[in-house]
Amino acid sequence: MNIVAALFVLKNQLLQFPGGDIFSQILTLIIYAFIFISIFYGQRIQLYIMLREVEGSLYKLKYIRDEGRRIAIETIKEIGKPQTDPSARVDRFLEYFTIAPQSLDPAGVVWKLEHILDVRDTRFKDEVKLLAPAADETQANNLENTLEAAMALNYIYKVIRHYYLLGKKTLSLYIIMQIQMILPLVMREAEAYASALKAFAYGQPIGDGVGALVAAKLMHGHQTRKVPKDCVVAEVPFEGRTAYVIKAEGPGGNVGKPGDAIKTIIEENEGKIANIIMIDAALKLEGEEVGEVAEGVGAAIGGPGVDQFKIEETILKYRIPINAVIIKEDIGDAVSPMRKEVFEAADKAIERIRQVILERTREGDKVIIAGVGNTIGIGQ
Amino acid sequence: MSRSNASAATRVSSFVLLIIFVTLALALAALVLAIYLYDTAPGVAVYWLLLGFIGLALSTYVLFQTRQRILRLRIEMPPITTTIECKKCGFKSVREFQRGDYVFKEVEPCQKCNEKMIITAIYREVREKGKAPTFPY
C-alpha cells in the first residue's frame, strides 16, 4: 500500500467517534483526556518542565562548585604545604560573607564601604596565610583569588538551589519562572568562574588584566616604585611628555587601589597633571568583536565604586581632565585566561593612548596613565 | 561536598537507562507488529505504527539528552601558550604554559646569543566552533 492510502486510513481512524472499533474508542478517550489535562493541569505541567530544566542546571552548578572546591584544596596542598588537611578550613572560607554598610544616610558611605572592604581583604589574606604557610606573596595572592572564585561558585549554586527548592515547595510558577528566565545568564557566569579557577590556581593572565598589561608594556624597562596601595608607578618619557604609568603590583593576583595611587601621584605633583588616561577591560555587547578598542571620558574602573569615587574627587579638586580607553570582551573572557585577541588589543590601546596624549597635551606636560585590572600573571 | 557528591552530577541513573531501553525495545516491537498486520488489518497496523514511532522518538530523544548532559558537565580548559623572546637578537620560541610563568619574567638564556630571554606573551587561542550569524547591519 502506498503512503497516501495509509494516511487516508489514519485520518478515518482519528476522526471516528465512539462506537467504532476498540482502537478508535481508546484513541478518542486519549484525545479527550489530553484536552482535559491540558485545560486543568497545563500550568502545573509547565511548572514541572521548568523545574526539571532548573534541576538540570543545578546539577551542573553543583558539579562546577565541587570542582572549584577540589581545585582550591589541591592548589593549597601543592603550594602551601599545610601541616593539616585544609578541607574544613576551605569549607568555612567558602561560607564567608560581607555585610554592606547602611546607606539610609548616604553621606560618608564610601568611606564606610572602603573600611569594610579593607577588613575583608585583611581577613582573607590572614586566612590564606593560615591555609598555605609555605606560599610566597605572589602565590598567596593567586590562592586568595582562587578561593574567591570558588566562593562565588558556591554562592551562585546556593542561590539557585534556594529558588529551586522554594519553587518546588510552594509550587509557585512565578518563582520558578524568574529563575528559569535568568538561568542562561547565571550559567554563563558560573562557567566563566569555573575557567577562572584554573587560571588563578596556575597564575595565568586573565582577560580583566588587559589594562594592567598595557601599563606593564609601557613601564617595562623603567624604574618602578611602590605607591599605596599595592600599586607600582614608573616615570616614563612618552612623546616628549612625562607619563606616570600606574598598575597593580604583579605578577600575583592583585587589583590594588588605583584610586589611592592616582591621588598620591596628583598630590606629589601638586595637581600639575595635564591629563589622566585610564585603561580597563569593559564588557562588550553581543555583536561587538572581542578586543575592540574604544575611547571616551571618565574614570574607567569597575569594582564597588570606592576607587572611582576617590579618582573623581581628586580630579575635581584640581580640575584635571580624564580620558578612558577600554578593551571590549565578554564576562567569560574577562575572568578566564587571556584570549589572543585581547592580548593583541593591548598594542592597539597603546596606539590610542599615544593619539590622546598627542592631541590633548603639550610637550613637557605630565600625564598619568593608569592600567586597571587584575594583574595576575603580569609582571612589570 | 565530597567526591561522591561531585560524581553524582555526572552519573546517569541505571533505572532511567533501563526505562529508555525497554521503551526502545517496545517501540521497535510495535513497528515490526505494524508491518505484519499491514496486509490483514491495516487500520490496526496504523495505530501500532504510530505508537512505534512515538516510542522510538521519545526514547532516542531522552537518550540523546542524557548523553548531552554528561558532555556539558565537562569543564574544558583550552591550551595556554607562552611566547619567549630575546630582546637582543629577536629569537622567539613558543611553548606550553608552565606554572610560575608570567609576562616580562626573565627565563633561560637565548640559544643564539646567550642573552637572557623574557616572556612577552601568555594567551589562549579560541577556535570558534560555529560562529553565530551576526546581524547584517
Side-chain angles (χ1 to χ4, degrees), chain A residues 1 5-7 9-10 12-13 21 23-24 26-27 56 58-67 69-70 79 87 91 94 138 154 191 194-195 197-199 201-205 209 213 216-217 220-221 250-252 286-287 290 333 336-344 376-380, chain B residues 1-11 34 38-39 41-51 65-66 68-70 72-83 87 97-106 118-128 132-137:
Chain A
M1 267 172 104
L7 285 173
V9 173
L10 179 67
N12 282 344
Q13 296 294 328
D21 62 79
F23 285 106
S24 310
I26 290 168
L27 194 69
L58 202 57
Y59 264 125
K60 193 172 179 183
L61 282 174
K62 186 178 181 337
Y63 171 74
I64 294 174
R65 193 270 308 250
D66 291 347
E67 274 293 293
R69 179 185 173 272
R70 187 185 61 79
I79 293 170
S87 308
D91 287 340
L94 296 182
T138 304
N154 187 43
E191 278 161 19
S195 48
L197 259 163
K198 282 216 165 162
Y202 285 90
Q204 294 161 346
L213 178 69
K217 282 191 168 199
H220 183 64
E286 284 301 322
V290 174
D333 297 326
S336 53
M338 195 179 280
R339 276 177 71 157
K340 193 181 180 188
E341 296 88 334
V342 176
F343 193 90
E344 286 167 351
I376 189 164
I378 302 165
Q380 49 267 333
Chain B
M1 284 197 277
S2 63
R3 291 283 291 137
S4 59
N5 280 347
S7 62
T10 49
R11 208 170 47 217
Y38 212 69
D39 290 328
V44 178
V46 165
Y47 287 118
W48 284 115
L49 205 67
L50 204 67
L51 273 174
Q65 284 297 310
T66 315
Q68 279 292 98
R69 205 191 84 193
I70 299 165
R72 270 190 252 127
L73 279 177
R74 288 190 189 130
I75 302 171
E76 277 181 35
M77 286 310 297
I80 315 289
T81 51
T82 298
T83 308
K87 285 284 169 193
F97 177 88
Q98 286 166 7
R99 182 173 261 170
D101 282 358
Y102 63 84
V103 180
F104 298 130
K105 182 188 182 185
E106 284 190 349
I118 57 163
I119 294 175
T120 52
I122 299 170
Y123 55 75
R124 72 183 160 114
E125 274 187 80
V126 179
R127 282 172 186 81
E128 302 280 351
T134 48
F135 200 63
Y137 305 107

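Labels below follow one simple rule: chain letters A, B, ... track the order of the sequence lines, proteins then strands, and each chain is numbered from 1.
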Is chain A contacted by the side chain of Thr82(B), its backbone, both, or neither, given a heavy-atom distance below 4.5 Å?
neither
Ile118(B) versus chain A, heavy atoms under 4.5 Å apart: side chain, backbone, both or neither?
side chain
Closest non-hydrogen atom pair between Gly377(A) and Ile122(B), with its separation
O-CD1, 4.3 Å
Scanning both residues in full, the closest heavy-atom pair of Val103(B) with Pro205(A) reads CG2-CG, 4.2 Å
When you look at Arg124(B) and Val342(A), which way does the side chain to side chain contact (heavy atoms under 4.5 Å, CB included) test go after all the steps?
CA-CA 10 Å; Arg124(B) 72 183 160 114; Val342(A) 176; over 6 Å; no
Chain B contact via Tyr202(A) - side chain, backbone, both or neither, heavy atoms under 4.5 Å
both
Out of curiosity, Glu125(B) CD to Glu341(A) CD, how far, rounded to the nearest 0.5 Å?
8.0 Å
Could you tell me how the ring of Phe104(B) sits relative to the ring of His220(A): parallel (under 30°), tilted (30 to 60°) or perpendicular (over 60°)?
parallel
Ile378(A) and Tyr102(B): which non-hydrogen atoms are nearest, and at how many Å?
N-CB, 4.2 Å
Do Ile79(A) and Arg99(B) have side-chain heavy atoms sitting under 4.5 Å apart?
yes
